Chemist: 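I am attaching a structure below and will ask some questions about it afterwards.
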Amino acid sequence: QVQLVESGGGLVQPGGSLRLSCAASGRIVAIYAMGWHRQAPGKQRELVAIISSGGSTNYVDSVKGRFTISRDNAKNTVYLQMNSLKPEDTAVYYCNANVKSSYISGSSDYWGQGTQVTVSS
């Protein structure tokens, strides 16, 4: 039905930057909120940033001022610009989208496959 494909992860030194992308495809009537989550080894998955269909954003405190979430509604794509990266940002990053796939039903949450971000010298 709906697929989310992430790209842009990798290895970066502390203080560096990465930009993650996540493109949604498939049966899409509308995309509501889109977000990025992350899960570090031995830790629970946490919400990093979220953006509404109208562009309102929220961030977890640990990334405020360093990360920026944005979206291109024409491309069904959400981005996460990560600057001033720290070793504690190391995790698998997952994108998430709330998508309406049918005119006669409600919306559902979909997840990407995850992309590894490693911050290390």
Side-chain angles (χ1 to χ4, degrees):
Q1 292 190 6
V2 176
Q3 298 81 39
L4 300 181
V5 178
E6 298 139 342
S7 60
L11 173 64
V12 64
Q13 292 187 338
S17 297
L18 282 176
R19 188 193 194 208
L20 306 182
S21 300
C22 174
S25 62
R27 189 170 181 174
I28 298 171
V29 172
I31 302 178
Y32 302 120
M34 303 183 82
W36 288 94
H37 302 244
R38 67 186 179 188
Q39 187 166 20
K43 295 187 177 182
Q44 289 189 328
R45 189 175 297 191
E46 67 169 349
L47 175 63
V48 176
I50 190 167
I51 184 167
S52 71
S53 57
S56 298
T57 59
N58 273 295
Y59 300 88
V60 67
D61 285 346
S62 59
V63 308
K64 286 180 180 178
R66 301 188 297 122
F67 291 11
T68 302
I69 188 170
S70 61
R71 64 191 287 173
D72 184 333
N73 291 329
K75 296 181 179 180
N76 293 333
T77 299
V78 62
Y79 306 95
L80 186 68
Q81 178 66 44
M82 305 185 293
N83 299 329
S84 302
L85 282 160
K86 304 175 181 180
E88 51 264 43
D89 294 318
T90 296
V92 178
Y93 283 71
Y94 300 89
C95 72
N96 162 257
N98 187 251
V99 181
K100 184 175 176 63
S101 298
S102 166
Y103 288 102
I104 61 173
S105 64
S107 61
S108 299
D109 282 335
Y110 295 89
W111 291 86
Q113 78 285 358
T115 185
Q116 177 70 46
V117 171
T118 302
V119 184
S120 175
S121 55

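This structure is a prediction, so every number in the text was calculated from the model and none was measured.
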Chemist: If you count heavy atoms of other groups shown closer than 6.0 angstrom to CD of Q1, is the number above 12?
Modeler: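 No.
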
Chemist: Is there a side-chain contact between L20 and E6 in this structure, where contact means two heavy atoms from C-beta onward sitting under 4.5 Å apart?
Modeler: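 L20 vs E6: side chains apart.
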
Chemist: Measuring from atom CG of D72 to atom CE of M34, what distance do you get when rounded to the nearest 0.5 angstrom?
Modeler: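 The CG atom of D72 sits 10.0 Å away from the CE atom of M34.
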
Chemist: Quick one: are L11 and S120 in side-chain contact, heavy atoms under 4.5 Å?
Modeler: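 In contact.
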
Chemist: Please check if the side chain of N96 supplies one atom and the backbone of Y110 the other of a donor-acceptor pair under 3.5 Å.
Modeler: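 Flag set: sc N96 to bb Y110 pair under 3.5 Å.
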
Chemist: Would you check if Y79 and T68 make a side-chain contact, meaning some heavy-atom pair closer than 4.5 Å?
Modeler: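 They are not in contact (no side-chain heavy atoms under 4.5 Å apart), so the answer is no.
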
Chemist: Would you compute the distance between atom CD of Q113 and atom SG of C22 and round it to the nearest 0.5 angstrom?
Modeler: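 Taking CD in Q113 and SG in C22, the distance rounds to 8.0 Å.
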
Chemist: More than 12 heavy atoms of other residues, nucleotides or ligands under 6.0 Å from CZ of R27: yes or no?
Modeler: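 Incorrect, the count does not exceed 12.
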
Chemist: Could you pull out the closest heavy-atom pair between G9 and V117, with the gap in Å?
Modeler: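 Minimum heavy-atom contact is CA-CG2, 4.2 Å.
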
Chemist: For A91 and A40, which heavy atoms make the closest approach, and how far apart are they?
Modeler: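 Smallest interatomic distance, heavy atoms only, reads CB-N, 3.8 Å.
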
Chemist: State yes or no: do I51 and V60 share one hydrophobic cluster built from I, L, V, M, F, W and Y residues joined by side-chain heavy-atom distances below 4.5 Å, directly or via other members?
Modeler: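 As far as the 4.5 Å side-chain criterion goes, V60 and I51 are connected within one cluster.
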
Chemist: With rounding to the nearest 0.5 angstrom, report the CD to OG distance, E88 to S62.
Modeler: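 Between E88 CD and S62 OG, I get 8.5 Å after rounding to 0.5 Å.
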
Chemist: Within the structure provided, determine whether Q81 and S17 are in side-chain contact (heavy-atom separation under 4.5 Å).
Modeler: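 Side chain of Q81 against side chain of S17, heavy atoms only: contact under 4.5 Å found.
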
Chemist: If the plane angle is over 60° it's perpendicular, under 30° parallel, otherwise tilted; pick one for Y94 and W111.
Modeler: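 Rings of Y94 and W111: perpendicular, over 60°.
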
Chemist: I need the minimum non-hydrogen distance between A33 and I50, along with the two atoms involved.
Modeler: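 Looking at all heavy atoms of both residues, the shortest contact is CB-CD1, 4.1 Å.
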
Chemist: Between T77 and K75, what is the shortest heavy-atom contact and its length?
Modeler: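 Taking T77 first and K75 second, the nearest heavy atoms are OG1-O, 2.8 Å.
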
Chemist: Sort and list the pairs that fulfil salt bridge (Lys or Arg N to Asp or Glu O under 4.0 Å) and have at least one residue in residues 93-119, not counting sequence neighbours.
Modeler: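 For residues 93-119: none.
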
Chemist: Could you tell me the separation between the OG atom of S53 and the CG atom of N73, rounded to the nearest 0.5 Å?
Modeler: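 Rounded to the nearest 0.5 Å, the OG-CG separation comes to 7.5 Å.
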
Chemist: Looking only at non-hydrogen atoms, find the nearest pair between N98 and S107 and report the distance.
Modeler: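 So the minimum-distance heavy-atom pair works out to OD1-OG, 2.8 Å.
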
Chemist: Are I31 and R71 close enough that some pair of their side-chain heavy atoms sits under 4.5 Å apart?
Modeler: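 Yes, side chains in contact.
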
Chemist: According to salt bridge (charged side-chain N to carboxylate O under 4.0 Å, His left out), who are the partners of R38, at least two apart in sequence or on a separate chain?
Modeler: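 So R38 forms a salt bridge (charged side-chain N to carboxylate O under 4.0 Å, His left out) with E46, D89.
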
Chemist: Hey, quick one: are W36 and V12 part of the same hydrophobic cluster, counting side-chain heavy atoms closer than 4.5 Å, chains of contacts allowed?
Modeler: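 In one cluster with W36: V12, yes.
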
Chemist: Quick check against the 3.5 Å criterion: does T90 have a side-chain atom that pairs as donor or acceptor with the backbone of V119?
Modeler: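 Confirmed, T90 side chain pairs with V119 backbone.
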
Chemist: Rounded to the nearest 0.5 Å, what's the gap from CG on L47 to NE2 on H37? Could you check?
Modeler: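 Going from the CG atom of L47 to the NE2 atom of H37 covers 4.5 Å.
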
Chemist: Report yes if the side chains of V78 and I69 come closer than 4.5 Å at any heavy-atom pair, otherwise no.
Modeler: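 A side-chain contact under 4.5 Å exists here.
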
Chemist: Please answer: with hydrophobic residues joined when any side-chain heavy atoms are less than 4.5 Å apart, are V92 and L4 in the same cluster?
Modeler: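 V92 and L4: separate clusters.
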
